[in-house]
Undergrad: 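I have a structure I would like to understand better, so I am pasting it below and will then ask my questions one at a time.
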Amino acid sequence: MAIDLNTRFTQLQQQINQNPRDIPALMEMAEIFLHINDQGKAMQVLSHLLGFASDYLPACQIMTQLLGRMNPTQYHPQLEKDLLICWQQEAIDHQLLAQVTAKHLLNKYQTQDSQSPQKITIPIGQLKTDKLFLRFLSRSINVHSQCEQWLTHIRSELLTKLVTEPIVDTDTENLIAGFGLQTFANEYLWPISAQEKLILESIKQNDASTHHLLASMYGPLQDTDNIKQLIHSNAQLVHELIVESLHNPQQELQLASAIAGIESAETNNISQDVKHQYEENPYPRWRTPPTPQQQPLIDFIRQLPGFDASKFKSGKLNLLVAGCGTGFEPIDLARMDSQLTITALDLSRASLAYGYRIAQELDLNNIHFIQGDILAVNNLNQQFDVVNSTGVLHHMENPEAGWRALCAATKPGGVMRISLYSELARTRIVAARELIQQQNISSSAESIKQFRAQIFSLPPEHPLHPLTQSHDFYSTSGCRDLLFHVQEHRFTLLQIESMLPRLGLKLIGFDVPPQAAAQFAQQNPGPHLDLIKWHEYETRNPDTFAGMYQLWLQKI
């Protein structure tokens, strides 16, 4: 007979009282708190557990998710400890911690005038030994507007104060290199003052290793004989900077030429423009992915509410990621299910090479990276059990034609996961794109910087000010993809509903934010696969699919 929740909770309390370090009991108690939506208590339990088992990955993974939802308004020493434990765990997605850590650091250091970061005295002596600050700089992209102002002010202070120093200590080298890693990750998006430009110009001909490091906060390291001085540094982040901003890009250039391609019978101007964009700015930028939970993909597919197993005839799954970008999805899937055979297709060799390099580092041999257009997918001469295309079709000249090509490459009874932009959720993006068009702003790096400055200067009540809350707003490639893309279509769920019969597809699953799913279920009992009812819900709640619609489909 099943034990009720209260009885089980009492049993766990007794176990933990007898052994406060009983990891399975603590994890189960945290899960109970999460089940009853008491995230605060769950975090207390996990914080206790990580206090004596800081490398216990399952607890770190849950804690990272919970910390990422926090909005701290004052400094908490315990929060600092919990954050640092998670930042020091390599197998999690550090980007999830970027925003809460930015807020925490602002609370910690900006005690004089939190609204004017440029007025704060910069505690460089404290920052260069602050482990949390250095991990934040070197392992994530900042996505907080006020923190960006603060960080650019610190960078300017470092440049101004250290330009006359031919040699600095190891801790200072780590701090400078941390800024170099941060700006490399955001593709040197931060504004540069006239004074900074003058200083950078003055140190171009200087051979001091300190000056090479200082310049790396504003642009990539140059592969010159002088870089050898930095190779002998005792600062760990200096070596990471050399690898990330110098060696890895060189390796990607070599890998790009080795990637196989498929020929396209027709020349499509939009495809060429999209290809050019992602050759210049591969997107998204990321580092080693978090360790996923091991799960056969077929087990997940079988749980989809509308899946018809009788129509799905396959053993080992052959999967296509159509428009894989920089490779996050195929790499994540390959690590989740090592039995998959994955073809990763994309227009951009630069993007593919980014993912190919990381796949090699992780020793993943079940991914085949191929350069080519979705419209030419038939030239792969194979059909797939599963086709995944996230955020790609809406950037094609004719999305339905691209979708039809993917359907032709899907086996009868095969499964597709398609993600598309929502017309209702992207009203703000459309307004920004119209403004960019009216002002005739190009997609150059400098123009993107200027447009960001324009958005930052808007009052909080302005309709476009919320753009600063988008994580894509904080890297050059992200901002270009978000606001300056050469082609964008958007859809309503009614349009998608009408397209599915033409494409020979049946909806079998619909990924929805948890809160929206709960609200929808109260009004609509049963499987949540009625797109017409979801359209009605979205009309009342237009920000529901601010990411994208994520549809699971089966080929009839």
Side-chain angles (χ1 to χ4, degrees), residues 94-95 98-99 101-102 105-106 117-118 133 136-159 176-197 199-200 213-222 241 244-246 248-249 276-287 325-326 348 350-351 354 429 432-433 435-436 439 441-458 464-486:
H94 295 126
Q95 193 59 40
Q99 188 148 5
T101 304
L105 290 168
L106 290 174
Q118 67 276 11
F133 182 75
F136 166 71
L137 273 185
S138 61
R139 292 290 192 280
S140 72
I141 296 174
N142 170 64
V143 290
H144 189 276
S145 59
Q146 188 181 337
C147 191
E148 180 175 317
Q149 296 178 54
W150 183 55
L151 292 173
T152 53
H153 182 44
I154 298 171
R155 181 180 68 166
S156 179
E157 288 284 306
L158 284 171
L159 179 67
I176 300 169
F179 273 94
L181 286 162
Q182 174 70 205
T183 52
F184 173 76
N186 70 36
E187 299 152 279
Y188 309 103
L189 185 64
W190 293 346
I192 305 174
S193 69
Q195 181 188 14
E196 288 171 299
K197 289 178 181 178
I199 296 174
L200 290 168
L213 267 184
L214 290 171
S216 77
M217 300 190 298
Y218 297 84
L221 284 171
Q222 301 301 311
L241 176 63
E244 287 291 322
S245 69
L246 188 59
N248 285 349
H276 178 71
Q277 172 175 332
Y278 291 121
E279 294 288 2
E280 287 190 341
N281 296 109
Y283 170 85
R285 299 291 291 263
W286 56 286
R287 295 182 69 170
T326 50
S348 163
S351 297
Y354 192 100
I429 304 299
R433 288 174 62 86
L435 179 62
I436 289 166
Q439 297 183 358
I441 302 173
S442 76
S443 60
S444 69
E446 195 56 39
S447 295
I448 290 173
K449 285 184 184 181
Q450 292 170 4
F451 186 73
R452 288 179 81 249
Q454 183 178 341
I455 298 299
F456 277 133
S457 69
L458 297 173
L464 294 185
H465 188 268
L467 289 173
T468 63
Q469 298 171 15
S470 169
H471 289 192
D472 278 339
F473 199 67
Y474 292 87
S475 68
T476 301
S477 59
C479 199
R480 187 172 180 182
D481 187 83
L482 179 73
L483 303 173
F484 290 82
H485 205 287
V486 296

Undergrad: Using 0.5 Å steps for rounding, measure from the OG atom of Ser477 to the CG atom of Leu189.
TA: 9.0 Å
Undergrad: With a 4.5 Å limit on heavy-atom distance, are the side chains of Leu241 and Leu213 in contact?
TA: yes
Undergrad: In the structure I gave you, are the side-chain heavy atoms of Ile154 and Phe179 within less than 4.5 Å of one another anywhere?
TA: yes
Undergrad: Counting only N and O atoms by type, is there a donor-acceptor contact under 3.5 Å from the side chain of Thr468 to the main-chain atoms of Phe456?
TA: no
Undergrad: Got a second to check how far Arg155's CZ is from Ile176's CD1, nearest 0.5 Å?
TA: 13.0 Å
Undergrad: Test side-chain contact (heavy atoms from CB on, under 4.5 Å) on Gln439 and Gln454 and set out the steps.
TA: CA-CA 12 Å; Gln439 297 183 358; Gln454 183 178 341; 3.1 Å; yes
Undergrad: To the nearest 0.5 Å, how far apart are CE in Met217 and CG in Leu181?
TA: 12.5 Å
Undergrad: Restricting to non-hydrogen atoms, name the atom on Pro220 and the atom on Ser245 that form the minimum distance, rounded to 0.1 Å.
TA: CB-O, 4.4 Å
Undergrad: Would you mind reporting whether Pro249 and Phe184 have side-chain heavy atoms less than 4.5 Å apart?
TA: yes
Undergrad: Just by distance, do the side chain of Thr476 and the backbone of Glu187 share a donor-acceptor pair under 3.5 Å?
TA: yes
Undergrad: Counting only N and O atoms by type, is there a donor-acceptor contact under 3.5 Å from the side chain of Ser470 to the main-chain atoms of Leu467?
TA: no
Undergrad: Compare all side-chain heavy atoms of Ile448 with those of Leu483 and state whether any distance is below 4.5 angstrom.
TA: no
Undergrad: Any side-chain heavy atom of Ile141 within less than 4.5 Å of one from His471?
TA: no
Undergrad: Applying the side-chain contact (heavy atoms from CB on, under 4.5 Å) criterion to Ser348, which one of Glu279, Gln277, His276 satisfies it?
TA: Glu279
Undergrad: Carefully, step by step, assess Tyr278 and Tyr354 under the rule ring pair (Phe, Tyr, Trp, His ring centres under 6.0 Å).
TA: CA-CA 11 Å; Tyr278 291 121; Tyr354 192 100; over 10 Å; no
Undergrad: Compare every heavy atom of Asn142 with every heavy atom of Gln182, then report the nearest pair and how far apart it is.
TA: OE1-N, 2.8 Å
Undergrad: Roughly how far, to the nearest 0.5 Å, is the CG atom of Leu464 from the CD1 atom of Ile455?
TA: 5.0 Å
Undergrad: Are the side chain of Thr152 and the backbone N or O of Gln149 linked by a donor-acceptor pair below 3.5 Å?
TA: yes
Undergrad: Pair Thr101, His94 - check side-chain contact (heavy atoms from CB on, under 4.5 Å), show working.
TA: CA-CA 10 Å; Thr101 304; His94 295 126; over 6 Å; no
Undergrad: Describe, in one word, how the ring planes of Phe451 and Phe484 are oriented to each other, choosing from parallel (under 30°), tilted (30 to 60°) and perpendicular (over 60°).
TA: perpendicular
Undergrad: Kindly say whether Ser443 contributes a backbone atom to a donor-acceptor pair with the side chain of Ser447 at under 3.5 angstrom?
TA: no
Undergrad: Can you say whether the rings of Phe136 and Phe133 are parallel (under 30°), tilted (30 to 60°) or perpendicular (over 60°)?
TA: tilted
Undergrad: May I ask you to decide if His153's main-chain N or O and Ser156's side chain share a donor-acceptor pair within less than 3.5 Å?
TA: no
Undergrad: Rounded to the nearest 0.5 Å, what separates atom CD in Glu196 from atom CG in Leu158?
TA: 10.5 Å
Undergrad: Do the charged groups of Arg452 and Glu148 touch, with an N to O distance under 4.0 Å?
TA: yes
Undergrad: Find the distance between OG (Ser216) and CD (Glu244) and round it off to the nearest 0.5 Å.
TA: 13.0 Å
Undergrad: Looking only at side-chain N and O atoms, does Trp190 offer a donor or acceptor that is under 3.5 Å from a partner on Thr183?
TA: no
Undergrad: Side chains of Val143 and Gln95: does their closest heavy-atom pair fall under 4.5 Å?
TA: yes
